[in-house]
Student: 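Got a structure here, written out as structure tokens. Questions coming.
Chain A is the first sequence line, chain B the second, and so forth, proteins listed ahead of strands; every chain is numbered from 1. What you see is a predicted model, and the numbers here were worked out from it, not measured in a lab.
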Number of protein chains: 2
Amino acid sequence: MAAKSTSTARTTSPREINGIPARPRDREVLDAAATVFARYGYAAATVQHVAEELGILKGSLYYYIKTKEDLLFRLLLEVHEESDALLKKVAERDGLTPLAMLQEYVRAQTTFNLRNLVKIKVYYNDVDQLSEERRAEVLGRRRLHEAFVTRLIGSAQQTGEVSKKLDATLMANSVFAVIIWPYRWYRPRGRLKADDVVEACVDFVTYGLTKR
Amino acid sequence: MAAKSTSTARTTSPREINGIPARPRDREVLDAAATVFARYGYAAATVQHVAEELGILKGSLYYYIKTKEDLLFRLLLEVHEESDALLKKVAERDGLTPLAMLQEYVRAQTTFNLRNLVKIKVYYNDVDQLSEERRAEVLGRRRLHEAFVTRLIGSAQQTGEVSKKLDATLMANSVFAVIIWPYRWYRPRGRLKADDVVEACVDFVTYGLTKR
């Protein structure tokens, strides 16, 4: 992963977002919204800010969305489209022990987070700003990841890779702490390479779970 | 620690906050502000919300503060008054190896965070909403903690308790991930006792750093 690619919310253009076909400028609209929400915080950001970031009139933006909240919701769903896909890919791998599968998940999710720092910041800072129904949808999708990691830790306890003395739910939360926290401090142009941060996170989680 | 004490921002009344003598209702005002900021997010919260939480008129609140930002600033300084004091207490302990001192710090800081979930939520969610000068003051005080933990990891590498292959700055960030993250998921009335969460965090950090 080039350090450069982690400095922006821009990713490749999706064919669809949450099952809705993407319109040509959707990619740019969502990237601009991510940048603006990360800069001001969602509550203080306005649709006008997003339009200015895009260099278009506010009225034109309403072709893409009805409300500011639509932008936040679509952004967070997009984060899940991509991170749900990486979970699925890891879960489908053959021949891995539960601990090895967990390591692959930590590697894939931490890499994704470091490549999408702006969107991840918005995801964790602003999910509670969604209306109740939409918030429940996002948190429901997050729970799939929590359940996956908790189940892998439980399986690793069965195979003897992880001590049975540990509480799997509590350990899963510590694993997510290590995966997620880099968005708070990692600077793509700093001294540390993204790949090295990812491998350090994989090791920290592995040893945190296994030395007993 | 009783689980009950973690459910509220209320703590014992301080004699002073950041060197300024506390007025009689300061404690209640800051607790109400913490509750309101945690509920709505700082940007969406208003001084009117805080007055309502206190059951007083908005005008009366201006005896204590000039602006909404004063409340946020004093709250975050208060978090540092208390967590800087616990750092100092740990640093002054005699006869500990660097790793043992780090374990004591993780224990003390995680305990503090779990007892002050509401204020810690506001601290991490809203510090960027401060004006530049005030934000710099808070982040400067946070850096003392980062430097302390990074130095302890470096010393533990000298004594052989932690592998020299690890990057101390990167490891310090993983340690803070584990210390801080519980504010995102821990529920005081849930199945897990605060003391057990604290000890699990101490162990996770210890093993994360030491099995190589």
Side-chain angles (χ1 to χ4, degrees), chain A residues 37-46 106 110 121 124-129 139 142-143 146 162-163 165-187 190-194 196-212, chain B residues 37-46 106 110 121 124-129 139 142-143 146 162-163 165-187 190-194 196-212:
Chain A
F37 294 165
R39 188 186 300 148
Y40 301 104
Y42 173 77
T46 64
V106 172
T110 310
K121 179 177 177 183
Y124 286 103
N125 283 1
D126 293 322
V127 64
D128 289 343
Q129 306 274 338
L139 297 187
R142 186 187 295 179
R143 267 193 291 279
E146 292 165 357
V162 168
S163 165
K165 287 184 294 182
L166 300 176
D167 184 282
T169 304
L170 213 170
M171 287 299 110
N173 277 301
S174 292
V175 169
F176 281 110
V178 174
I179 292 174
I180 296 163
W181 197 246
Y183 92 84
R184 301 289 300 233
W185 63 269
Y186 183 67
R187 297 289 168 268
R191 178 176 63 83
L192 294 163
K193 288 194 184 113
D196 294 338
V197 174
V198 168
E199 292 311 314
C201 289
V202 173
D203 285 351
F204 194 82
V205 162
T206 304
Y207 298 127
L209 287 173
T210 55
K211 184 176 178 182
R212 306 285 152 169
Chain B
F37 295 164
R39 187 185 301 146
Y40 302 104
Y42 173 77
T46 64
V106 172
T110 310
K121 179 177 177 184
Y124 286 104
N125 284 3
D126 293 322
V127 63
D128 289 343
Q129 306 273 340
L139 296 188
R142 186 187 296 179
R143 266 193 292 279
E146 292 165 356
V162 169
S163 164
K165 287 184 294 182
L166 300 175
D167 184 283
T169 304
L170 212 169
M171 287 299 109
N173 277 300
S174 292
V175 169
F176 281 110
V178 174
I179 292 174
I180 296 164
W181 197 247
Y183 93 84
R184 300 289 301 232
W185 63 268
Y186 183 68
R187 297 289 168 268
R191 178 177 63 83
L192 294 163
K193 287 196 184 111
D196 294 337
V197 174
V198 168
E199 293 310 315
C201 289
V202 173
D203 285 350
F204 194 83
V205 161
T206 304
Y207 298 127
L209 287 174
T210 55
K211 184 175 177 182
R212 307 283 154 170

Student: Under a 4.5 Å heavy-atom cutoff, which of B:Thr206, B:Ile180, B:Asp126 has the most pairs with chain A?
Tutor: B:Ile180

Student: Sorted by first residue and then second, give each side-chain hydrogen bond (donor to acceptor under 3.5 Å, both in side chains) pair with at least one member in residues 173-184 of chain B; sequence neighbours left out.
Tutor: B:Asn125-B:Tyr183

Student: Between chain B and each of A:Cys201, A:Ala177, A:Ala44, A:Pro182, count heavy-atom pairs under 4.5 Å; write down the option with the most.
Tutor: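 Among A:Cys201, A:Ala177, A:Ala44, A:Pro182, the one with the most close pairs to chain B is A:Ala177.
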
Student: My understanding is that only residues two or more places apart in sequence, or in another chain, count here; which of them pass salt bridge (Lys or Arg N to Asp or Glu O under 4.0 Å) with A:Glu199?
Tutor: A:Arg107

Student: So which residue, A:Leu170, A:Asp196, A:Ile179, ends up with the most heavy-atom pairs under 4.5 Å with chain B?
Tutor: A:Leu170

Student: Drop me the distance from B:Thr169's OG1 to A:Leu192's CG, to the nearest 0.5 angstrom.
Tutor: 6.5 Å

Student: Give, as side chain, backbone, both or neither, the part of B:Tyr40 having an atom under 4.5 angstrom from any heavy atom of chain A.
Tutor: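 Looking at B:Tyr40, just its backbone touches chain A.
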
Student: Please examine the side chains of A:Thr110 and A:Val178, heavy atoms only from C-beta on, and report whether any two atoms are closer than 4.5 Å.
Tutor: no

